[in-house]
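Scroll down for the structure; my scribbles are underneath it.
Protein chains get the first letters and strands the later ones, always in sequence-line order, with residue 1 at the start of each.
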There are 2 protein chains.
Amino acid sequence: MSEQLIKHLTKSIEIDLDDAEKVMVFFQSVKLDKKENLMEAGQVCKANYFVVKGCLRLFFITDKGVEQTTQFAIENWWLSDYLAFQNQQTTEFYIQAVERTEVLAITFHAQERLLKEFPQMEKYFRIIYQRAYGASQVRMKYEYGFSRETLYHHFNDRFPEFIQRIPQYLLASFLGFTPEYLSEIRRKKK
Amino acid sequence: MSEQLIKHLTKSIEIDLDDAEKVMVFFQSVKLDKKENLMEAGQVCKANYFVVKGCLRLFFITDKGVEQTTQFAIENWWLSDYLAFQNQQTTEFYIQAVERTEVLAITFHAQERLLKEFPQMEKYFRIIYQRAYGASQVRMKYEYGFSRETLYHHFNDRFPEFIQRIPQYLLASFLGFTPEYLSEIRRKKK
DNA sequence: CGGATCGTTGATCAACTTCAACGGTCGTGG
DNA sequence: CCACGACCGTTGAAGTTGATCAACGATCCG
């Protein structure tokens with residue numbers, strides 16, 4: 001559980017076991033059933049979440065009332081609405097468990113104290129955010145550079161094990177098109 | 001010039017003037033004419049860039065040979081291809097000056113030494129990346145949530161001063177559609 | 001003054017959505 | 001353990017949105 005986060009920390013920073021255990025005190029374990037919400041639009045974005053086991057999705061509701069998924073997070077990924085988290089404002093996003101999921105949550109204020117007491121954690125989060133931002137740049141390249149159809153094939157080729165974990169309608173939502181169209185693409189490529 | 005970066009640092013972290021001047025030694029000033037490239041696809045992404053004055057754009061070339069802009073950076077923004085930067089790999093992006101532009105550049109190795117000697121800079125970059133990542137999340141919400149037409153109006157309303165700085169064909173590219181279609185939208189809304 | 005670049009217009013075309021309907025499967029209550 | 005209902009994936013027809021291509025005018029800059 002928290003061993004997993006410690007292991008993840010040590011990949012990016014040097015921290016002794018003693019400190020690592022003190023760091024873990026700042027986190028709370030939360031367990032979610034499938035489809036259970038961790039965060040909802042209209043609430044203040046209180047915490048940042050590390051996925052220990054399972055899968056989360058970040059989505060919002062469009063003007064037309066459709067759930068639009070923008071991100072997934074699986075084991076060892078962090079997820080939150082980072083502008084709302086940083087400014088402790090209300091979010092317009094939801095975070096929901098795609099399957100039974102276990103996360104470690106750290107509230108904004110706990111994170112502030114953590115960073116003050118353990119400045120080496122600044123480096124850890126710097127690396128996490130840099131990587132996440134870099135990944136979002138690459139993703140933009142895919143979105144702007146590929147048609148929806150090639151976008152699907154690209155994701156299918158690149159993350160086959162992940163694709164199998166999530167229902168098709170969520171994948172369609174994430175890729176930015178309708179389940180019907182996804183069906184059509186799948187039929188073609190056979 | 002470097003005063004501007006120092007001023008920007010002090011908004012996020014506490015650093016005395018003496019240290020700040022030592023920090024500035026890690027940066028080089030680079031001046032670019034309009035349309036001059038700061039980085040090109042195929043090269044290793046050597047540096048991270050802080051815009052002192054002017055405007056940069058990040059773009060790539062699609063399969064069809066079209067320049068696709070994915071980001072702009074104006075005064076006080078950082079820009080690079082962060083995955084390629086972090087791993088010191090070749091990039092698939094170009095960075096080009098939209099207008100006459102002055103930047104402060106820090107190479108990957110200089111940044112590594114900087115962070116080692118001045119650990120408080122970890123916090124600065126942590127905040128920069130967190131904010132940039134948060135902004136990219138909000139942007140995804142716009143892209144997935146709005147039609148291309150409302151996307152244009154939204155950007156027009158929100159960043160009028162910026163819109164006026166860049167040519168229309170770059171705005172069209174950034175928003176993900178053709179200059180012809182942008183023309184059509186502008187005609188409608190009158 | 002001349003050439004390249006940029007914005008505009010209109011016609012045609014492709015990509016993707018919408019809507020309605022159907023069949024399979026999964027989980028839950030009886 | 002079965003039966004029912006809800007949910008999910010699929011299909012097809014019709015409709016929209018935005019791309020493509022070609023051509024023209026304006027403007028900017030050398």
Side-chain angles (χ1 to χ4, degrees), chain A residues 32-37 55 57 59 61-70 72 96-100 142-156 160 162-190, chain B residues 33-37 55 57 59-70 72 96-100 142-156 160 162-190:
Chain A
L32 296 155
D33 282 333
K34 184 173 175 176
K35 301 224 173 187
E36 199 176 339
N37 284 342
C55 179
R57 71 183 179 111
F59 70 95
I61 310 276
T62 67
D63 301 341
K64 293 180 188 165
V66 180
E67 291 186 1
Q68 177 63 59
T69 301
T70 56
F72 291 101
Q96 191 178 79
V98 174
E99 54 194 46
R100 202 158 202 320
Y142 295 152
E143 276 169 11
Y144 282 110
F146 295 154
S147 72
R148 300 287 160 98
E149 188 173 340
T150 40
L151 196 62
Y152 166 73
H153 289 123
H154 186 264
F155 264 85
N156 231 9
F162 172 65
I163 300 296
Q164 290 184 340
R165 254 171 103 167
I166 59 169
Q168 271 190 45
Y169 71 98
L170 283 187
L171 178 60
S173 170
F174 173 66
L175 294 175
F177 47 67
T178 59
E180 291 94 329
Y181 187 58
L182 178 51
S183 234
E184 200 182 318
I185 293 172
R186 286 165 57 86
R187 180 173 23 149
K188 259 197 252 179
K189 196 57 174 267
K190 270 175 189 166
Chain B
D33 282 333
K34 184 173 174 173
K35 300 222 174 188
E36 199 176 339
N37 284 343
C55 180
R57 71 184 179 108
F59 70 94
F60 66 95
I61 311 276
T62 67
D63 301 341
K64 294 180 186 165
V66 180
E67 290 185 0
Q68 177 61 58
T69 302
T70 56
F72 292 101
Q96 191 178 80
V98 174
E99 54 194 47
R100 207 165 195 314
Y142 296 152
E143 276 168 11
Y144 281 109
F146 295 156
S147 73
R148 298 292 159 99
E149 188 173 340
T150 39
L151 195 62
Y152 166 73
H153 289 122
H154 185 263
F155 264 85
N156 230 10
F162 172 66
I163 300 295
Q164 291 184 340
R165 253 170 104 165
I166 60 169
Q168 270 189 46
Y169 71 98
L170 284 187
L171 177 61
S173 170
F174 173 66
L175 294 176
F177 46 69
T178 59
E180 291 94 328
Y181 186 58
L182 178 51
S183 234
E184 199 182 318
I185 293 173
R186 287 166 56 85
R187 181 174 20 147
K188 259 198 252 179
K189 194 60 174 261
K190 266 173 192 166

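Between A:Val98 and A:Pro167, the closest heavy-atom pair is CG1-CD, 4.4 Å. Contact record, B:Arg148 with B:Ile185: O-CD1, 4.4 Å, taken as the closest heavy-atom pair.
Rounding to whole angstrom units, CZ of residue A:Phe146 and C1' of C:dC16 are separated by 19 Å. Remark: P of D:dT20 and CZ of B:Phe177 are 13 Å apart, rounded to the nearest angstrom. Regarding B:Arg186, its CZ atom lies at a distance of 16 Å from the P atom of C:dG10, rounded to whole Å. At whole-Å resolution of the value, OH in A:Tyr144 and C1' in D:dG18 are 15 Å apart. Per the geometry, CG belonging to A:Leu175 stands 11 Å off P belonging to C:dT17, to the nearest Å. Rounded to a whole Å, the OH atom of B:Tyr152 is 16 Å from the C1' atom of D:dG18. Residue B:Gln68 contributes atom CD, which lies 13 Å from atom C1' of D:dA19 at whole-angstrom precision. C:dA15 atom P lies 15 Å from atom CG of A:Leu151, rounded to whole Å.
For the residue pair A:Glu67/A:Tyr169, the side-chain donor-acceptor check at 3.5 Å is not satisfied.
Take B:Gln96 and apply the side-chain hydrogen bond (donor to acceptor under 3.5 Å, both in side chains) test, not counting sequence neighbours, and it matches B:Asn37, B:Arg57. By the side-chain hydrogen bond (donor to acceptor under 3.5 Å, both in side chains) test, A:Asp63 is found to be paired with no residue, residues two or more places apart in sequence or in another chain being considered. Not counting sequence neighbours, B:Thr62 has no partner by the side-chain hydrogen bond (donor to acceptor under 3.5 Å, both in side chains) test.
Remark on the helix from C:dC1-D:dG30 to C:dG30-D:dC1: inter-end axis angle 50°, axes from five-pair C1' superpositions, rounded to 10°.
Judged by distance alone, the side chain of A:Gln68 and the main-chain N or O of A:Ser173 form a donor-acceptor pair under 3.5 Å. Side-chain atoms of A:Thr69 do not come within 3.5 Å of backbone N or O of A:Leu170 as any donor-acceptor pair.
Contacts between residues 162-173 of chain A and DNA chain D, defined by a heavy-atom separation under 4.0 Å, are made by A:Pro167, A:Gln168, A:Tyr169.
In summary, of the residues considered (A:Phe174, A:Phe155, A:Phe72), a ring-ring contact (aromatic ring centres under 6.0 Å, His included) with A:Phe162 occurs for A:Phe72 alone.
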Quick one: which protein N/O atoms are closer than 3.5 Å to N/O atoms of nucleotides 11-13 of chain D? Pair and distance per line, please.
unit_1, atom_1, unit_2, atom_2, d
D:dT11, OP2, A:Arg187, NE, 3.1
D:dG12, OP2, A:Arg187, NH1, 2.9

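Distances shorter than 4.0 Å separate some side-chain N or O of A:Lys64 from OP1 or OP2 on C:dT18.
Note: A:Phe146 and A:Tyr142 have parallel aromatic rings, judged against thresholds of 30 and 60 degrees for the angle between ring planes.
When heavy atoms are screened at a 4.0 angstrom cut-off, A:Lys35 is found touching the sugar-phosphate backbone but no base atom.
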With side chain to side chain contact (heavy atoms under 4.5 Å, CB included) as the criterion, how do A:Leu32 and A:Arg100 come out once you've worked through the C-alpha distance, each side chain's angles and the decisive distance to 0.1 Å? CA-CA 6 Å; A:Leu32 296 155; A:Arg100 202 158 202 320; over 6 Å; no
